[in-house]
Amino acid sequence: MNTNRKQFSRGLRVGVPISLGYLAVSFTLGITAKNAGLSAFQATLTSLLVNASAGQYAAFTAMAAQSGYLEIAILEAVTNARYILMSCSLSQKLPPKGKLWHRLLIGFNVNDELFGMAIAEPDKLNAWYYFGMMTVAMPGWALGTFLGTSVGNVLPANVVSALSVGLYGMFLAVIIPAAKKSKVILGVVAVSMAASFALECIPLFAQVASGTRIILITVVIAAGAALLFPVGEGGKEEAEHGT
């Protein structure tokens with residue numbers, strides 16, 4: 001129990017910068033929600049229950065265009081499909097004898113930033129560490145949405161645009177330390193960036209939804225890295241040990 005408290009406290013500390021980044025980015029989401037006709041309460045409730053940036057942006061944009069329920073449902077399924085891959089990866093990161101409610105609660109809030117911090121753990125993931133991050137991060141996302149819906153249109157457009165850059169800094173903070181420790185991860189990051197840019201420029205793939213492109217890149221590159229540089233039971237790439 002004492003270990004769980006320490007892990008929860010550590011998660012709270014790690015979650016603070018994530019929450020601040022969420023606060024800035026979801027501010028622009030709130031503006032999008034207001035333009036789609038949602039009230040501050042509706043938009044905030046959406047952020048508390050969904051907590052998926054790209055999915056919410058897509059949904060609010062579709063609402064503004066008066067799209068049908070089926071169209072929105074399909075759009076959300078495609079946009080958020082990458083979370084299936086993240087959930088599968090996290091399920092392998094959790095202890096085999098972990099409690100079912102731990103898995104269900106983590107599954108409720110799988111997103112890019114929390115996933116990045118969780119998967120970077122050197123050993124098995126303690127669920128209470130993840131709960132700590134959730135406790136701080138989720139209110140930040142909801143509060144930013146509320147503020148954006150309530151007072152977002154008061155700010156100048158260039159200020160609102162600048163706020164959306166904050167989350168990219170968090171992504172860099174997640175991948176750079178891991179890439180510095182492992183040449184394999186560094187190579188995977190570089191190849192992923194190049195592939196993402198290439199697919200964006202190729203006309204055939206440029207028409208594909210961004211969420212679908214992310215899934216394709218993730219599956220192909222992750223599978224290639226797993227085949228070329230398998231991870232042993234000790235958590236290290238076998239290639240680094242010459243085995």
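Fair warning: this is a prediction, and the values are worked out from it, not measured in the lab.
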Considering all heavy atoms of both residues, which atom of Val188 and which atom of Ala225 are nearest to each other, and what is their separation? CG2-CB, 3.8 Å
Shortest non-hydrogen contact from Gly55 toward Asn80: CA-OD1, 3.6 Å
When you measure from the side chain of Ser47 to the backbone of Ala142, do you find a donor-acceptor pair of N or O atoms at a distance under 3.5 Å? no
If you measure from CG on Leu143 to OH on Tyr22, what distance do you get to the nearest 0.5 Å? 14.5 Å
If you compare all heavy atoms of Leu105 against all heavy atoms of Met134, which two are closest, and at what distance to 0.1 Å? O-CE, 3.7 Å
ILVMFWY cluster, Trp128 and Ile18 together (side-chain gap under 4.5 Å): yes
Test item: Asn109 and Asn111 side chains (from C-beta on) under 4.5 Å apart, heavy atoms: yes
Is the shortest heavy-atom distance from the side chain of Met138 to the side chain of Phe108 under 4.5 Å? yes
List the atom of Leu125, the atom of Pro95, and the distance in Å for their closest heavy-atom pair. O-CD, 3.3 Å
Path from Val25 to Tyr83 over hydrophobic side-chain contacts below 4.5 Å: yes
Please check if the side chain of Ser9 supplies one atom and the backbone of Arg5 the other of a donor-acceptor pair under 3.5 Å. yes
Between Gln7 and Tyr130: side-chain donor-acceptor atoms closer than 3.5 Å: no
In the hydrophobic clustering (ILVMFWY, side-chain contacts below 4.5 Å, transitive), which residues join Leu100, or is it alone? Leu104
Does Lys99, at its NZ atom, have more than 12 non-hydrogen atoms belonging to other residues, nucleotides or ligands within less than 6.0 Å? no
What I'd like to find out is whether the side chain of Val136 reaches to under 4.5 Å of the side chain of Val14, using heavy atoms alone. no
Polar side-chain atom of Ser182 near backbone of Ala179 as donor-acceptor pair, under 3.5 Å: no
Would you give the length of the straight line joining atom OG of Ser150 to atom CZ of Phe41, rounded to the nearest 0.5 angstrom? 13.0 Å
Hydrophobic cluster membership, with links at side-chain heavy-atom distances under 4.5 Å among I/L/V/M/F/W/Y: are Met117 and Leu12 in one? yes
Check for a donor-acceptor pair, side chain of Thr46 on one end and backbone N or O of Gln42 on the other, with a separation under 3.5 Å. yes
CZ of Phe60 to OG1 of Thr145: how many Å apart, nearest 0.5 Å? 7.0 Å
What residue pairs, at least two apart or across chains, pass salt bridge (Lys or Arg N to Asp or Glu O under 4.0 Å) with a residue in residues 191-201? Glu200-Arg213
Flag side-chain contact, heavy atom, 4.5 Å: Val184 against Leu228: no
Examine Phe131 together with His102 and report whether their ring centres are nearer than 6.0 Å. yes
Run the side chain to side chain donor-acceptor pair (under 3.5 Å) check on Trp141 and Glu113 step by step: do they pass? CA-CA 12 Å; Trp141 184 257; Glu113 294 72 34; over 6 Å; no
Hey, any chance Phe115 and Val16 share a hydrophobic cluster, counting ILVMFWY side chains that come within less than 4.5 Å of each other, even indirectly? yes
How long is the gap from CG on Leu38 to OG1 on Thr32, to the nearest 0.5 Å? 10.5 Å
Apply side chain to side chain contact (heavy atoms under 4.5 Å, CB included) to Asn126 and Arg10, showing your working. CA-CA 11 Å; Asn126 186 297; Arg10 188 166 72 93; over 6 Å; no
Do Thr3 and Lys6 touch side chain to side chain, with heavy atoms closer than 4.5 Å? no
Val189-Val220 co-clustered via ILVMFWY side chain contacts under 4.5 Å: no
Just by distance, do the side chain of Ser91 and the backbone of Cys88 share a donor-acceptor pair under 3.5 Å? yes
Find the distance between CZ (Arg13) and CE (Met133) and round it off to the nearest 0.5 Å. 12.5 Å
Check whether any side-chain N or O of Lys124 sits under 3.5 Å from a backbone N or O of Gln92 as a donor-acceptor pair, and report yes or no. yes
I'd like to know if the side chain of Thr149 reaches the main chain of Ala40, judged simply by a donor and an acceptor atom lying under 3.5 Å from each other, with no hydrogens or angles considered. no
Do you know the tightest heavy-atom contact between Leu29 and Tyr57? N-OH, 3.2 Å
Search all heavy atoms of Ser87 against all heavy atoms of Val110 and return the closest pair with its distance. OG-CG2, 3.8 Å
In this structure, OG of Ser89 is separated from CD1 of Ile84 (nearest 0.5 Å) by 14.0 Å
Output yes when a side-chain donor or acceptor of Lys93 lies under 3.5 Å from a complementary backbone atom of Asp123, and no otherwise. yes
